[in-house]
There are 2 protein chains.
Amino acid sequence: MKLGVSPDIVPSRGHEAKRVSIMDAASEVFCRESFAGANIDMIAAEAGVSRQTIYNHHGDKEKLFVAIVRDLTERCNAGIFATISTFPDQPKDLEADLIAFAVRMNRNCICNRDGKFLRKLIQTEGERYPELFAEWREQGPGRTWPAIAARFARLAHAGFLDIDDPDVAARQFMALANAELQTTFMLGGTPDEDEVLQSATHGVRTFLRAFGKRQPAANASKQGALANA
Amino acid sequence: MKLGVSPDIVPSRGHEAKRVSIMDAASEVFCRESFAGANIDMIAAEAGVSRQTIYNHHGDKEKLFVAIVRDLTERCNAGIFATISTFPDQPKDLEADLIAFAVRMNRNCICNRDGKFLRKLIQTEGERYPELFAEWREQGPGRTWPAIAARFARLAHAGFLDIDDPDVAARQFMALANAELQTTFMLGGTPDEDEVLQSATHGVRTFLRAFGKRQPAANASKQGALANA
DNA sequence: ACAAATTTAGACACTCTTGTCCAATTCGTC
DNA sequence: GACGAATTGGACAAGAGTGTCTAAATTTGT
């Protein structure tokens, strides 16, 4: 039997476990060493698998790389859409709810393992695989940004925000939410929970100073509170 | 003499000219291929120089790489400080002046060749040269962010802006100014003049909605009035 | 327990790259 | 034009990495 995608037959647990283990190790190594710097023996060692097994599963180094980027893209997209679905459409406390959303977005989509790896692989190897990353672009940013923008548009329409261009606002929201994490990202670090909360809090406050209604649509009981910083 | 690829302008003569030519080609190639993926022959060809000359000048591949990062860091810092010195301390038209500043910052420091290369090299190889990039961090972000923050603090003190934390505001200003360039950056592209202007304009508008005084008066005689307005 | 599928370790040929050495040539300068 | 320094191209050894092949060991399903 030839190897390859066999939709009917589930090979086995051990087999599948090795596949996952290889993918994990490979993304780790490709990410750390770049495509050219990574070598199959490293990946095999880190996966606890023999070199030959990697060739059995994936053919060659380049196919392995492509499989990994596809896999990461898919998982990251899933995470992003799952997080978008928690967007506060009917916020009780707009600021708190948006901060919580920003934290979720950062923690689950930007700072997590997959997000970090995908981002780095795109930056590092993007130019060498134009068609692969064009695919990522369509499936990823091409679909997630409109989805986020739509949520902000809805929130504005419901009277919670004063937004001209939801697309711009969405980008600015995300930019503000991780404005303070950029230097950490640069060096491949992972911001801790506090940094994420800090950045999200400051970012959302600024966002609301720019786009918040003067008087919260729901109850305008005490307007003096929001002047405070 | 056989001429190879001479992409640069005038093959102006001299030892020093070769040095520059090597540095240019090497940063280009290291950036495009990553450290491990780059090879000396590529660099030599792109520099229009023999391989041996590179070894004569720089000893080995790693020394060449370090020299390049140092060089880029220095030049980028110079550019950033030069641009910071054009910060509008006494703006006539606050919005227009800040937009122009944001455009300068993006065009001269972020989107230009040196900025792009340095950013990519840091992201790609940062983890492998901790001491080198610690140096960058001190000389670069460690000095430029406070300088930018100081300018915003001064602007706020002069009554043009309403800022609590100048450090946060500085980071948010930059984040907003290139919020719309992120996807382009991801793939190593260079935003064109229009995109830069767009992003800067939208970013500064939002920034001013958040931090601008309601009344752009230069006289801060009635500063208490706007808190409740 | 048996048979098929899978994994393993090691050897292997092949290619690519680094860094060195050297003789011939060219360049900069006087 | 001549001299010394720099550059060149080519050959070279050493090392590393890819991908293939094999026979033996292990795992898996029945």
Give the rounded distance in Å between these two atoms: [atom1] of [X] and [atom2] of [N].
X       : N      : atom1 : atom2 : value
B:Arg19 : D:dA6  : CZ    : P     : 11 Å
B:Asn39 : D:dA16 : CG    : P     : 18 Å
A:Glu33 : D:dT18 : CD    : P     : 12 Å
B:Lys63 : C:dG19 : NZ    : C1'   : 11 Å
B:Tyr55 : D:dC12 : OH    : P     : 18 Å
A:Ile43 : D:dT18 : CD1   : P     : 8 Å
B:Glu16 : D:dA6  : CD    : C1'   : 13 Å
B:Ile40 : D:dA16 : CD1   : P     : 17 Å

Q. With a 4.0 Å cut-off, would you call B:Asp165 and B:Arg171 a salt bridge?
A.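 Salt bridge flag = no for B:Arg171 with B:Asp165.
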(Q) Any salt bridge linking A:Lys120 with B:Glu127? Criterion: basic side-chain nitrogen under 4.0 Å from a carboxylate oxygen. (A)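 B:Glu127 and A:Lys120: salt-bridged.
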Would a 4.5 Å heavy-atom cut-off, applied to side chains only, mark [X] and [Y] as touching?
X        : Y        : result
A:Met105 : A:Ile80  : yes
B:Phe152 : B:Phe87  : yes
A:Met174 : A:Trp145 : yes

At under 4.0 Å, does any side-chain N or O of [X] touch on OP1 or OP2 of [N]?
X       : N      : result
B:His15 : D:dA5  : no
B:Lys18 : C:dT26 : no
B:His57 : D:dT7  : yes

Q. Residues from residues 44-53 of chain A sitting under 4.0 Å of DNA chain D, heavy atoms only?
A.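 Per residue number, the list reads A:Arg51, A:Gln52.
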(Q) Would you say the ring centers of A:Phe65 and A:Tyr129 fall short of 6.0 Å from each other? (A)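 Yes, ring centres under 6.0 Å apart.
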Q: Under 4.0 Å between any heavy atoms, over every strand shown, what does B:Ala38 touch: base, sugar-phosphate, or nothing? Just pick one.
A: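 Sugar-phosphate contact only - B:Ala38 comes under 4.0 Å of backbone atoms but never of a base.
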Q) Any donor and acceptor pair, going by atom type alone, linking the side chain of B:Thr86 with main-chain N or O of B:Thr83 inside 3.5 Å? A)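 Yes.
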